[in-house]
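Excluded from the calculations below are hydrogen atoms, water molecules and symmetry mates; all remaining heavy atoms, backbone and side chain alike, are included. In this chain, residues are counted from 1 in sequence order. Just so it is clear, the structure is predicted and the values come from calculations on it, not from any experiment. Both counts, for ligands and for their atoms, begin at 1 and track the order of listing.
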Amino acid sequence: MYEWAKALHVIAVIAWMAGMLYLPRLFVYHCAAEPGSKQSETFKVMERRLLRAIINPAMIATWLLGLGLAFWGGWFAFHWLQAKVLLVLVLSGIHGLLARWVRDFAADRNRNSQRFYRIINEIPAVLMVAIVILAVVKPF
Ligand code: HEM
């Protein structure tokens, strides 16, 4: 059972991260589209579907399976897991910000530049590298 839960956890993580890396990239292109244009409306649909159909359910599955693994494996007392949960909380906070920006774009009220979203794009990637090292290497 544990190994199956771990496999499902990694699958959920891949889906979550794929969306977390792709959504800010869509924002970069959306910034260049004139509000009200056909292109801008297409980006709105893509962003909404990506958030609702992939990123949100994948985050919930990652959390539930991760917490289940920590419980069944007795990992809660280990420092690598505590550090990992902290970084996943930061990642979840960025998820919340991305959801807010999807709503802003949907209402043609985006306030951020292309450069801003390019920088934001890097943060989930850096967090993901640290989280995977903590989960696999368990350095402390
Ligand atoms: C707070 C949410 C999370 C919790 C509580 C959690 C907890 C865990 C636990 C307890 C394991 C099993 C470790 C083992 O059996 O060796 C695990 C495996 C793993 N987790 Fe998470 N996790 C969470 C989120 C994430 C995220 C966001 C990522 C990646 C970005 C991630 C990547 C992995 C990977 C790659 C493994 C497989 C490690 C291995 O088999 O060596 N986890 N997680």
**Student:** Verify, without hydrogens or angle tests, whether Gln82 (side chain) and Phe76 (backbone) share a donor-acceptor contact under 3.5 angstrom.
**Tutor:** yes

**Student:** For ligand 1, is any non-hydrogen atom under 4.0 Å from Leu81's backbone (N, CA, C, O), its side chain (CB onward), both, or neither?
**Tutor:** side chain

**Student:** Any donor and acceptor pair, going by atom type alone, linking the side chain of Ser37 with main-chain N or O of Ala33 inside 3.5 Å?
**Tutor:** no

**Student:** Could you tell me which atoms of ligand 1, counted from 1 in the order shown, lie closer than 4.0 angstrom to a heavy atom of Leu67?
**Tutor:**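 That gives atoms 5 (C) of ligand 1.
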
**Student:** Sequence neighbours left out, what pairs pass salt bridge (charged side-chain N to carboxylate O under 4.0 Å, His left out) with at least one residue falling in residues 86-108?
**Tutor:** Lys44-Asp108, Asp104-Arg111

**Student:** Hydrophobic clusters join Ile, Leu, Val, Met, Phe, Trp and Tyr when side-chain heavy atoms are under 4.5 Å apart, directly or via other members; which others share one with Ile133?
**Tutor:**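 Cluster partners of Ile133: Val129, Val137.
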
**Student:** If the cut-off is 4.0 Å to any non-hydrogen atom of Lys138, which atoms of ligand 1 fall inside it?
**Tutor:** 13 (C), 14 (C), 16 (O)

**Student:** So, using side-chain contact (heavy atoms from CB on, under 4.5 Å) as the criterion, who are the partners of Ser92 when residues are at least two apart?
**Tutor:**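 Ser92 satisfies side-chain contact (heavy atoms from CB on, under 4.5 Å) with Trp16, Met59, Trp63, Val88 once adjacent residues are dropped.
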
**Student:** Could you list the atoms of ligand 1 found under 4.0 angstrom from a heavy atom of Trp16?
**Tutor:**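 With Trp16 as reference, the close atoms of ligand 1 come out as 27 (C).
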
**Student:** Carefully, step by step, assess Tyr117 and Asn110 under the rule side chain to side chain donor-acceptor pair (under 3.5 Å).
**Tutor:** CA-CA 11 Å; Tyr117 292 119; Asn110 169 49; 2.7 Å; yes

**Student:** Could you check whether Lys84 makes a cation-pi contact with Trp75, meaning its NZ or CZ is under 6.0 Å from the centre of the six-membered ring and within 45° of the ring axis?
**Tutor:** no

**Student:** Looking at Ala70, which atoms of ligand 1 are within less than 4.0 Å of one of its heavy atoms?
**Tutor:**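 Atoms satisfying the 4.0 Å criterion: 10 (C).
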
**Student:** Does an N or O from Tyr2, backbone or side chain, lie closer than 3.5 Å to an N or O of ligand 1?
**Tutor:**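 Such a contact does occur with ligand 1.
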
**Student:** Could you enumerate the protein N, O or S atoms under 2.8 Å from atom 21 (Fe) of ligand 1, written like residue then atom name?
**Tutor:**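 Metal shell, protein only: His9 NE2, Lys84 NZ.
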
